[in-house]
*Asks:* 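The structure under discussion is supplied below as structure tokens; questions concerning it will follow.
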Amino acid sequence: FLYIYLEKINNKDNGDSMSIKPEKPYKDILFEVKDQVAWITINRPRVLNAFREQTLDEMIDAVKLTREDPSIACVVFTGAGDKAFSAGGDFYAMKRLTFTNGSMWNDRMLGLAMAIRGIPIPVIAMVNGWCVGGGHELALWCDLVIGSEKSVFGQTGAKVGACPTVGATQYLPRIVGERIAREMIFLAKRFDAKDAERIGLINKCVPEADLLNETLAWCENIKSNSSQTIRMTKKSLNFESDQLYASWQHGMELLAYVWGSEESLEGMNAFLEGRKPDFQQFRLKNKAALEDYMDGFRKNLNAPPDMRD
């Protein structure tokens with residue numbers, strides 16, 4: 001329905017041609033500026049709009065590009081197709097990450113979050129379908145979230161051996177409270193759109209057929225309001241959470257350690273292979289390692305050989 005809307009706008013002779021264009025065509029996203037609204041669509045429906053490094057680069061560029069046209073009133077993020085907003089990071093991209101190269105991913109995630117929070121206009125997440133993992137973190141970075149009744153929100157890191165420490169651990173406690181945040185992360189609990197609205201995780205839940213029109217109504221409302229007020233108040237509203245930047249840096253280093261670990265690869269490979277991950281093996285392996293350490297402690301192996309009893 002978004003494409004039908006944009007096509008109709010394109011065909012209207014309203015003098016509102018696209019005001020800004022990227023230096024080179026995007027491959028992983030669609031970018032349109034119509035009626036003073038910038039639409040950024042993750043265009044990878046085959047993988048439920050999971051993103052890779054190139055996708056993150058393009059989204060960062062598109063968000064920053066809106067600064068070149070002050071007439072743009074807001075940005076809307078969405079996903080192509082009707083199955084997902086975004087399922088998060090593409091496992092074929094994340095499986096390649098290690099402690100050494102993890103910053104190549106982590107810095108891009110942080111870069112997109114800072115771009116969204118840094119532009120002086122509201123950013124809306126228009127969600128239809130799955131919004132989980134890194135895709136849910138993307139929604140958390142946005143100023144407003146509207147979801148169709150078929151949408152599902154959650155953090156899946158504990159199920160696949162990843163860590164949502166680039167936004168979720170920082171923002172979820174502030175948005176839904178510590179208890180629900182820990183339940184979402186530790187238990188990988190998911191919420192449908194109605195419950196997500198009830199707990200304050202999203203702003204509004206609407207029928208799928210009304211999602212675009214309700215989003216457009218928000219955009220029209222924003223367009224009728226003072227851009228100066230919105231710019232100043234967005235900066236002010238971000239003040240407290242901006243101070244969590246140190247936590248982001250801390251979280252990215254924790255995440256760097258996770259990339260390439262046996263446990264994270266087990267989680268991602270299990271998902272791709274359609275089986276249940278065996279995380280219990282790592283608990284038992286760690287237990288055996290600790291027992292070996294304690295046995296050495298009891299045998300005084302922590303002293304030079306000639307000093308052991």
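Along the sequence shown, residues carry numbers from 1.
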*Asks:* I want to check something: taking the side chain as every heavy atom from C-beta on, are Asn43 and Pro45 in contact at a cut-off of under 4.5 Å?
*Replies:* yes
*Asks:* Say whether, by atom type as modelled, one donor and one acceptor occur between the side chain of Asp61 and the main chain of Pro22 under 3.5 angstrom.
*Replies:* no
*Asks:* Do Asn286 side-chain atoms and Phe282 backbone N/O form a donor-acceptor pair below 3.5 Å?
*Replies:* yes
*Asks:* Using a distance-only test with no angle check, is there a side-chain donor-acceptor pair under 3.5 angstrom linking Ser151 and Ser148?
*Replies:* yes
*Asks:* Regarding Glu220 and Lys223, does a basic nitrogen lie under 4.0 Å from an acidic carboxylate oxygen?
*Replies:* yes
*Asks:* Ring-plane angle category for Tyr293 and Phe297, please: parallel below 30°, perpendicular beyond 60°, tilted otherwise.
*Replies:* parallel
*Asks:* Going by distance alone, is a donor N or O of one side chain under 3.5 Å from an acceptor N or O of the other, for Tyr245 and Gln249?
*Replies:* yes
*Asks:* Just checking, is any N or O donor in the side chain of Trp218 or Asn203 under 3.5 Å from an acceptor N or O on the other one?
*Replies:* no
*Asks:* So, Lys83 and Asn49: side-chain donor and acceptor under 3.5 Å apart, yes or no?
*Replies:* no
*Asks:* Does Arg231, at its CZ atom, have more than 12 non-hydrogen atoms belonging to other residues, nucleotides or ligands within less than 6.0 Å?
*Replies:* no
*Asks:* Show the nearest heavy-atom pair for residues Val123 and Ile119, with the distance to one decimal.
*Replies:* CG2-CD1, 3.5 Å
*Asks:* Which atom names give the shortest non-hydrogen contact between Gly260 and Leu265, and what distance separates them?
*Replies:* O-CD1, 3.7 Å
*Asks:* Are the side chain of Glu58 and the backbone of Tyr26 linked by a donor-acceptor contact shorter than 3.5 Å?
*Replies:* no
*Asks:* Apply salt bridge (charged side-chain N to carboxylate O under 4.0 Å, His left out) to the pair Arg275 and Glu266, showing each step before the final yes or no.
*Replies:* CA-CA 10 Å; Arg275 61 176 175 84; Glu266 165 63 16; 2.7 Å; yes
*Asks:* Any salt bridge linking Lys21 with Glu68? Criterion: basic side-chain nitrogen under 4.0 Å from a carboxylate oxygen.
*Replies:* no
*Asks:* Backbone N or O of Trp39 within a donor-acceptor pair of the Glu32 side chain at under 3.5 Å?
*Replies:* no
*Asks:* With a sphere of 6.0 Å drawn around CZ of Arg308, does it hold more than 12 non-hydrogen atoms of other residues, nucleotides or ligands?
*Replies:* yes
*Asks:* When you measure from the side chain of Asp69 to the backbone N and O of Ile20, does any donor-acceptor pair fall under 3.5 Å?
*Replies:* no
*Asks:* So do Arg198 and Asp195 actually touch side chain to side chain, heavy atoms under 4.5 Å?
*Replies:* yes
*Asks:* Can a donor-acceptor pair be found, under 3.5 Å and without considering hydrogens, that links the side chain of Asn101 to the backbone of Arg96?
*Replies:* yes
*Asks:* For Lys150, is the NZ atom crowded, meaning more than 12 foreign heavy atoms sit under 6.0 Å from it?
*Replies:* yes
